[in-house]
Amino acid sequence: MEYESVIGLEVHAQLDTAAKIFCGCSTEFGAEGNSQTCPICLGMPGVLPVLNKRAVELALRSILAVGGQVQPKSIFARKNYFYPDLPKGYQISQYERPLGTGGSVTVHLDGLAKRVGITRIHLEEDAGKSFHPEGRAIEYSLVDVNRCGVPLIEIVSEPEIRSPEEAYAYLVALKQILQYTEVSRADMEKGKLRCDANVSVRPKGQKEFGTKTELKNMNSFRAVQKALEVEIARQIKIIDSGGKVVQETLLWDEDRQAVAPMRAKEFSDDYRYFPEPDLLPLEVSMDWLESVRKGLPELPEARRRRFIEVFSLSDYDASLLTSERAIADYYETAVGLYPNPKMVANWINVEVFRFLKEKKIFIDDLKVPAAELAALLKKLDSSSLSNTMAKEVLAAMVETGKTVEAVVAQKGLVQESDEAVLDGWVREVISAFPKQRESYKAGKKQLLGFFVGETVKKSGGKANPKLVSTLVKKHLGE
Amino acid sequence: MTFQPSDVERYAKLARLALSEEEKARFARELSSVLEYVGQIQKVDTSGITEYETVVPLPPAWREDVVEPSLSVEEALANAPDRKDNFFKVPRVL
């Protein structure tokens, strides 16, 4: 039988605030254990939470960015459970009345665009972190409370994702939106983005959902995709052999590339939510919402479409350039100074991206500002630098942070356009390759590129290829 | 609504409380009577009354996104029954 999978994702993103959501402790990543705590986030008796306005603002941005509705009044609720990393014994979250509902994320897969609906976006606080030191005899766990009270939004998708690849594409698109709007750094390695998945399978064409399982403990977008693949295969195997899928929570084991049931006692699903008595209902005025809306940057999808329209770029080029806001900004600055959209796109998507990858840096850390890239391409365009030389100059600029002018002067990289000098090189090359010369004369005109290439090589990349080409033709009797 | 001893048992378990059979029966009885008493409120006709969460209108209380000094690690761990290095030490959970 042919099956279809039904996937819904729950993403937790850390809001990019300086302080925690209900107290003034820092949210800085990587601090010494338990050095960022206070009576509020430690859950001492008698303390009161006070809501961080910036956290709400960032959550509002995220809701507007996916086209959702902000609820004028939302309510905080207590989610009650016992776990050592939760000192209060409850997590402050939102339940029946979340801050945001609806909206969608546009996902691109295999050249097709699809909207995945958003069910809700709500505010909540993070729990602490527990460590489980390795070793059989070790009978303790360790707890660091620094993360307790770090502001999060939970973004719940509709069960509209139909394949693990689509889940991956959704996460990429969502991360892009969160980064563009500066809602979250959305860095999974630093725990700033986490994703749980709900998945079920059903015979193709059937309307009712099958029994779902929940997958947790995936540490990367690829792990989410892989875990879904493994779990879908497992569910299909069960159903095909006449069994029934049990609704349960499964943990992804990255080392074994397998899922295993979470032990039942670890969590109870009876959270006894009730309205948080220590916080007033969260009211968002129209004025506030309007000012947040005005502060929204152009979103990745809109920017991608604009790049295609205004700069006549391919879908591929536009997608790469808008993959990060900083790269798109870099591109626009460079194109503003050197209005050749296609050429700038090529240089960024090939050369610049290679350096970013090699050096494992972000474009903000690149020592070549957009204006200098534009200056380099102008030189290339005016034939004062050859393509090879321009690449060499860029590499030097990336290393040293020097300007185009400085690198060119230092390396003595000036394109050779003196006809007498070029003529000498061309003659030498032609006499060095008598066989090719005869073939060319016999009509194999595509060898022109070969002679030009050899001449440029001989010149150490300095020869102006356009002039060389003319000279080669002249010498070979055209 | 009335509480059965089995309800008490469930909530006691969620609250990590160990109760004797006698206590379960007694709390079921007592909680039922509390619920019944509070339940009188349900009889009030509230149709036409706007929903509100607070009796006194309060201005929203906000915190600006400003980092304030935290406790020292020593202070944070001062009340911990057990610790190891910088961390709270608890019975193994995984």
Side-chain angles (χ1 to χ4, degrees), chain A residues 17-28 31-39 41-42 44 48-57 73 75 80-85 87 89 128 130-133 138-146 263 266 268 270-272 275 279-283, chain B residues 1 3-4 6-19 27 31 34-35 38 41-42 49-94:
Chain A
T17 60
K20 293 185 179 181
I21 186 169
F22 299 124
C23 64
C25 289
S26 168
T27 59
E28 193 64 37
E32 195 187 351
N34 291 305
S35 63
Q36 293 167 351
T37 72
C38 72
C41 55
L42 280 167
M44 295 294 178
L48 287 173
V50 181
L51 186 55
N52 182 332
K53 194 169 189 182
R54 177 81 184 152
V56 179
E57 227 158 59
K73 192 189 253 184
I75 311 275
N80 301 282
Y81 65 92
F82 288 115
Y83 205 70
D85 63 17
S130 32
F131 303 89
H132 316 286
I138 296 176
E139 286 173 345
Y140 58 85
S141 295
L142 299 175
V143 179
D144 178 3
V145 180
N146 284 351
R263 274 185 295 165
E266 281 163 22
S268 155
D270 189 346
Y271 294 123
R272 294 148 293 145
L279 287 165
L280 289 164
L282 172 53
E283 294 193 42
Chain B
M1 188 189 163
F3 259 90
Q4 300 302 321
S6 60
D7 296 321
V8 175
E9 192 180 307
R10 200 165 88 89
Y11 288 110
K13 201 174 159 195
L14 285 168
R16 305 287 192 277
L17 295 174
L19 301 180
F27 288 135
L31 287 169
V34 170
L35 273 184
V38 176
I41 289 175
Q42 305 268 27
I49 293 173
T50 329
E51 178 194 352
Y52 62 96
E53 285 82 7
T54 51
V55 192
V56 191
L58 290 168
W62 295 113
R63 177 185 285 284
E64 294 304 321
D65 187 26
V66 176
V67 174
E68 288 160 22
S70 292
L71 296 175
S72 68
V73 176
E74 288 313 309
E75 286 170 316
L77 294 171
N79 292 326
D82 202 358
R83 67 179 280 185
K84 185 176 185 342
D85 307 323
N86 270 4
F87 303 103
F88 291 91
K89 189 172 166 186
V90 299
R92 192 157 180 97
V93 281
L94 257 190

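Labels below follow one simple rule: chain letters A, B, ... track the order of the sequence lines, proteins then strands, and each chain is numbered from 1.
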Winner by heavy-atom pair count (cut-off under 4.5 Å) against chain A, out of B/V66, B/D82, B/V73: B/V73
Contact check, side chains of A/L282 and B/P60, non-hydrogen atoms, under 4.5 Å: no
Side chains of A/R272 and B/Y11 in contact at under 4.5 Å (non-hydrogen atoms): yes
Side chains of B/W62 and A/L51 in contact at under 4.5 Å (non-hydrogen atoms): yes
Inter- and intrachain pairs under ring-ring contact (aromatic ring centres under 6.0 Å, His included), touching residues 64-94 of chain B, at least two apart: A/F131-B/F87
Interatomic distance, B/K84 atom NZ to A/I138 atom CD1 [nearest 0.5 angstrom]: 8.0 Å
Which of B/N79, B/V90, B/D65 touches chain A most, by non-hydrogen pairs under 4.5 Å: B/D65
Step-by-step side chain to side chain contact (heavy atoms under 4.5 Å, CB included) determination, B/L71 to A/L42: CA-CA 10 Å; B/L71 296 175; A/L42 280 167; 3.8 Å; yes
Nearest atoms (heavy-atom pairs only) where B/R92 meets A/Y140: NH1-O, 3.2 Å
Heavy-atom proximity to chain B below 4.5 Å, by part of A/Q36: both
Exam field: side chain B/N86 to backbone A/N34, donor-acceptor pair closer than 3.5 Å: no
Minimum heavy-atom distance A/S35-B/S70, with the two atoms named: O-CB, 3.5 Å
Any donor-acceptor N/O pair, A/S141 side chain to B/V93 backbone, under 3.5 Å: yes
